[in-house]
Amino acid sequence: MYVVGELPHSELSSQGARAGLLDGHHSFVSPLAATRRISVRRSPDGTGRWVPAHVLRPFIPAGVPDNVAMHCVRELIAKGGHHS
């Protein structure tokens with residue numbers, strides 16, 4: 001995905017998570033970046049960068065307060081429920 005906005009590389013792929021229930025593969029999610037505000041572009045415009053979609057998880061809807069988002073993300077990870 002081509003994204004625009006402040007998204008430090010150090011916050012991406014910071015947490016392991018199950019990627020598939022049957023095949024046992026692992027992927028990574030980025031709970032540290034959960035409250036970053038970014039925009040996704042259909043094509044590059046020179047203002048952002050390409051990143052794999054899976055490292056942008058969790059996707060939090062716009063308008064959710066940061067403290068609520070982080071609480072939900074922590075709770076899902078603790079319960080093992082944060083996977084694709």
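Since we're looking at a predicted model, the values are computed, not measured.
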Could you tell me which non-hydrogen atom of Y2 sits nearest to which non-hydrogen atom of T47, and how far apart they are?
OH-N, 3.3 Å

Any link between W50 and L7 through a network of hydrophobic side chains (Ile, Leu, Val, Met, Phe, Trp, Tyr) touching at under 4.5 Å?
no

Restricting to side-chain contact (heavy atoms from CB on, under 4.5 Å), what partner residues turn up for V68, sequence neighbours left out?
V64, P65, C72

Is the shortest heavy-atom distance from the side chain of H9 to the side chain of V51 under 4.5 Å?
no

In terms of heavy-atom contacts, A69 and I60 come closest through CB-CG2, 3.8 Å

CE-CZ distance between M1 and R42, expressed to the nearest 0.5 angstrom
11.0 Å

Within a reach of under 6.0 Å around CZ of R37, are more than 12 heavy atoms found that belong to other residues, nucleotides or ligands?
yes

